[in-house]
Amino acid sequence: MTELEKLAVQIRIAAMECFKWRGFGHVGGSLSIVDTLAALYGRLMTYDAKNPQWNGRDYLVMSKGHCGPGLYAALAVEGFFPREWLKTLNEPHTKLPSHCDKNLTPGIDMTTGSLGQGASLAAGMALGLKLDGQSNRVFCILGDGECDEGQVWEMVLFAAARQLSHLTVFVDYNRKQLDGSTDDVLPLGDLREKFAAFGWYAVEVHGNRPDEIAAAVENGFQNNNTRPMAVILNTTKGCGVDFIESMEMNHHITLTQAQADAAIAKLEGRLLND
Ligand SMILES: Cc1ncc(C[n+]2csc(CCOP(=O)(O)OP(=O)(O)O)c2C)c(N)n1
Ligand SMILES: [Mg+2]
């Protein structure tokens with residue numbers, strides 16, 4: 001395994017720990033985005049885990065805010081806060097609510113949960129930085145179901161018009177949303193083509209291969225300095241945990257501690273056997 005692949009396994013282990021103590025949650029969408037989080041925190045983003053508010057950092061907006069637990073797992077692995085916190089997901093007075101809250105969690109840059117809003121917020125952050133002459137990058141993660149929101153397409157128009165070249169948007173194209181497949185609910189078609197037609201630098205990658213994701217983004221940084229970048233991630237919802245991957249509906253599921261422990265043991269085995 002490559003370093004980024006190992007990091008992705010570590011993040012999946014931490015995510016399963018987090019869900020294990022709560023017993024339920026948005027497991028599918030948290031797991032499908034882990035490889036992007038490994039690419040971001042392992043290679044692409046500039047940050048200081050000991051000083052999360054450092055103003056030289058890059059920003060991440062988890063616009064599909066229900067996948068907060070996937071991001072908390074990455075932040076715990078990177079040392080933004082003690083790993084013990086993962087046991088408190090969504091409990092009263094927790095610092096790790098089910099959806100992202102920038103006022104509660106070190107390393108969370110934007111409060112999200114109402115789908116579509118994070119897209120506009122990320123574009124606003126990128127515009128603000130640009131107006132201030134700052135070079136910090138803003139990354140944003142959207143769900144494919146989230147792309148049903150009109151607000152997303154307003155942002156796509158706006159970011160291209162304002163040449164927000166320091167904005168990179170990932171779309172987790174896992175083909176599933178809350179209660180069905182995206183093709184059944186509202187087909188999105190070729191998302192790469194759509195972003196390109198709106199004036200974006202747009203690429204499509206295997207979204208569960210962290211090195212491929214990182215290379216595509218770095219390539220974009222080198223070859224484009226006027227357009228915002230869209231990275232369409234072809235992913236599997238629930239990726240990395242077999243029994244969750246194979247569920248038809250794995251958006252919000254219950255999980256016993258034994259199931260979580262078995263998944264964690266299997267993931268730990270992958271690290272040991274490497
Ligand atoms: C504005 C808004 N409408 C509805 C919801 C309820 N909701 C939470 S997750 C979800 C489905 C999202 O699907 P997708 O974007 O594909 O996420 P993923 O597959 O990555 O979990 C919905 C409808 C919401 N959070 N915000
Ligand atoms: Mg989806």
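Treat the numbers as computed from the prediction; the structure is a model and nothing was measured. Each ligand, and each atom within it, is numbered from 1 in the order the structure gives.
- A salt bridge links Arg43 to Glu218: one of the charged nitrogens lies within less than 4.0 Å of a carboxylate oxygen.
- Residue Ser114 has no N or O atom closer than 3.5 Å to an N or O atom of ligand 1.
- Considering backbone and side-chain atoms alike, Leu115 places an N or O below 3.5 Å from some N or O of ligand 1.
- Under 3.5 Å, the side chains of Asn174 and Thr235 contain no donor-acceptor pair of N or O atoms.
- Between Ser165 and Asn225, the side chains place no donor N or O within less than 3.5 Å of an acceptor N or O (distance only, hydrogens not considered).
- For Asp144, heavy-atom contacts with ligand 1 shorter than 4.0 Å involve the backbone as well as the side chain.
- Side-chain rings of Tyr41 and Tyr47 approach one another, their centers coming within less than 6.0 Å.
- Considering the Mg ion (ligand 2) as centre, the angle to O of Lys176 and to OD1 of Asn174 is 90° (10° rounding).
- Residues Asp58 and Asn136 have side chains that never bring a donor and an acceptor to within less than 3.5 angstrom of each other.
- Counting heavy atoms closer than 4.0 Å to ligand 1, residue Lys64 contributes side-chain atoms (C-beta onward) but none from N, CA, C or O.
- The ring of His251 has its center closer than 6.0 angstrom to the ring center of His66.
- Salt bridge annotation for Arg175-Asp144: absent, with no cationic side-chain nitrogen under 4.0 angstrom from a carboxylate oxygen.
- Annotation: atom 14 (P) of ligand 1 to nearest protein heavy atom, Gly145 N, 3.5 Å.
- The nearest heavy-atom contact from the protein to atom 6 (C) of ligand 1 is Leu178 CD1, 4.2 Å.
- Residue Gln177 has no nitrogen or oxygen atom sitting less than 3.5 Å from a nitrogen or oxygen atom of ligand 1, judged on distance alone.
- When hydrogens are left out, the protein atom nearest atom 19 (O) of ligand 1 is Lys237 NZ, 2.7 Å; that is the closest non-hydrogen contact.
- The protein heavy-atom contact nearest to atom 9 (S) of ligand 1 is His251 NE2, 3.3 Å.
- Within ligand 1, counting atoms from 1 as listed, the ones closer than 4.0 Å to a heavy atom of Asn174 are 18 (P), 19 (O), 20 (O).
- For Trp153 and Phe195, the distance between ring centers is under 6.0 angstrom.
- What sits closest to atom 15 (O) of ligand 1 on the protein, heavy atoms only, is Glu146 N, 2.8 Å.
- A donor-acceptor contact under 3.5 angstrom links the side chains of Ser120 and Gln151, judged on distance only.
- Among the heteroatoms counted here (N, O or S) of Asp144, OD1 is the one nearest to the Mg ion (ligand 2).
- For atom 25 (N) of ligand 1, the closest non-hydrogen atom of the protein is Gly113 O, 2.8 Å.
- The closest approach between Glu149 and ligand 1 falls below 4.0 Å for a heavy atom of the residue.
- Atom 17 (O) of ligand 1 has its nearest heavy-atom neighbour, among Gln151, His26, His66, in His66.
- Remark: the Asn55 side chain and the Gln134 side chain contain no N/O donor-acceptor pair separated by less than 3.5 Å.
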